[in-house]
Amino acid sequence: MSRIDPTSLRQAFGSYMTGVTVVTALSGQGEPVGFTANSFTSVSLDPPLLLVCPGKFLSSYPAFIAARRFAISILAEGQDDISTVFASSRGDRFAQVAHRHDPWGVPLIEDALCHFSCKTSSVHEAGDHSILIGEVEDYALRAGNGLGYVGGRYFSLGLEREALQTTHTRLICGAVIEIAGQVLLESTPTGWRPPQITCSGRGQSRTVLTTHLETLGMSVQLGPVYSAFDERDRHSAYILGSADAAPPTDRFSCFAPDALPTLKYSTQPIADMMTRYAREAQTRDFTFYLGDAVSGDQHNLMERT
Ligand SMILES: Cc1cc2nc3c(=O)[nH]c(=O)nc-3n(C[C@H](O)[C@H](O)[C@H](O)COP(=O)(O)O)c2cc1C
């Protein structure tokens with residue numbers, strides 16, 4: 001019997017940063033099938049080969065194994081909703097997502113960063129998945145940033161860069177830190193706020209924030225950016241994080257997510273952010289907010305269970 005615990009192995013595999021693709025094909029009945037995959041890998045330039053690993057648990061597995069052709073759409077930043085549809089939606093996934101067809105009638109996701117149309121070259125059995133190798137017969141690439149995935153969460157290098165860089169004179173970089181299911185806040189004369197520091201905005205903000213938290217006596221694992229917004233002369237960015245223990249100072253307290261909307265905060269955008277955090281903590285479907293203090297866009301930061 002294997003000594004390897006599948007849950008922790010899955011976590012270890014998930015630490016590898018990948019892009020996100022949607023793999024599509026036509027079933028024997030000519031119905032479109034598709035699933036979200038991050039197991040995509042380029043294999044060979046000559047001949048042009050790529051691979052993806054469909055799981056035997058997929059409802060579309062028999063269709064993919066039998067298909068003579070398939071296509072890969074590499075998702076662009078902002079297409080996290082499409083990834084979610086092709087990872088979990090029960091109904092007609094294609095009815096929910098804009099798509100067109102390649103010259104062989106296989107669906108391609110509209111506005112994806114890149115499309116590959118492939119002829120199935122070989123299928124290899126590999127445990128609870130198979131390795132599907134395709135020979136690229138057509139492809140198209142557009143400029144832009146891809147959607148990223150690590151540790152069960154989406155990220156976007158483009159959006160992260162935008163969130164953490166600014167032409168404003170002041171960048172406030174803070175962390176919304178969970179400790180045993182509670183959120184760490186710092187008391188200030190004007191109200192509560194997440195621990196934060198002022199940085200130069202020239203790219204070292206994560207390091208500066210980590211060092212600041214270390215000087216408070218905390219070892220924090222930082223995740224994706226949770227919220228970034230401009231207010232007058234300053235740009236604020238708050239990153240999700242987790243830690244084992246609160247700093248040994250009575251300036252800091254931990255609050256259950258339910259209590260967050262009832263507190264007085266140092267600024268209104270922080271109050272809005274913490275109220276959103278309390279709401280999203282109920283389902284742990286966190287979103288990333290990028291905008292100004294009043295309005296902006298939200299992007300999924302799905303937590304995979
Ligand atoms: C980011 C991400 C990557 C995934 N990668 C794969 C993969 O490489 N292979 C796979 O079989 N399933 C993968 N999945 C899971 C499938 O997308 C999911 O189980 C599938 O859509 C379920 O389809 P079904 O309801 O038709 O069975 C991934 C899910 C996500 C969110």
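Computed over heavy atoms, backbone and side chain alike; hydrogens, waters and symmetry mates excluded. Just so you know, these numbers come straight off a predicted model, no measurement behind them. As the structure lists them, so they are numbered: ligands from 1, and atoms in each ligand from 1.
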Practice task
Determine the interplanar angle of the Trp192 and Phe255 rings, folded into 0 to 90°, and report it as parallel if under 30°, tilted if 30 to 60°, perpendicular if over 60°.
Solution key: perpendicular
Handout entry: Side chain to side chain, Glu231 and Ser236, heavy atoms closer than 4.5 Å
Key = yes
Completion exercise
One finds that the ligand 1 atoms under 4.0 Å from a non-hydrogen atom of Gly55 are 10 (C), 11 (O)
Handout entry: Residue pairs, two or more places apart or on separate chains, that pass salt bridge (Lys or Arg N to Asp or Glu O under 4.0 Å) and touch residues 84-94
Key = none
Problem - Which of the ligand 1 atoms, numbered from 1, are nearer than 4.0 Å to a heavy atom of Arg90 - result: 25 (O)
Fill in the blank from the handout: For Pro54, the ligand 1 atoms with a heavy-atom partner under 4.0 Å come out as 11 (O)
Practice task
Specify side chain, backbone, both or neither for Phe86, according to which of its non-hydrogen atoms lie closer than 4.0 Å to ligand 1.
Solution key: backbone
Practice task
Give a yes-or-no answer on whether the side chains of Tyr226 and Glu280 include a donor-acceptor pair shorter than 3.5 Å.
Solution key: yes
Practice task
Could you list the atoms of ligand 1 found under 4.0 angstrom from a heavy atom of Tyr149?
Solution key: 1 (C)
Practice task
Please determine if Ser39 has a nitrogen or oxygen closer than 3.5 Å to a nitrogen or oxygen of ligand 1.
Solution key: yes
Exercise for the section: Quick one: which residue pairs count as a side-chain hydrogen bond (donor to acceptor under 3.5 Å, both in side chains) with a foot in residues 251-263, not counting sequence neighbours? Expected result: Glu186-Arg251
Problem - Sub-4.0 Å atoms of ligand 1 with respect to non-hydrogen atoms of Arg93 - result: 21 (O), 22 (C), 23 (O), 24 (P), 25 (O), 26 (O)
Completion exercise
Numbered in order shown, the ligand 1 atoms found under 4.0 Å of a heavy atom of Ser59 are 24 (P), 26 (O), 27 (O)
Exercise for the section: Just let me know how Ala87 lines up against ligand 1, side chain, backbone, both or neither, with a heavy-atom cut-off below 4.0 Å. Expected result: both
Practice task
May I ask which of Asp128, Thr36, Val22 has a heavy atom nearer to atom 16 (C) of ligand 1 than the others do?
Solution key: Thr36
Practice task
Verify the distance criterion only: is there a donor paired with an acceptor across the side chains of Arg193 and Ser187 at less than 3.5 Å?
Solution key: no
Exercise for the section: Give a yes/no on ligand 1: does Phe57 have at least one heavy atom closer than 4.0 angstrom to it? Expected result: yes
Handout entry: Shared hydrophobic cluster, Phe40 / Val33 (ILVMFWY, side-chain heavy atoms < 4.5 Å)
Key = yes
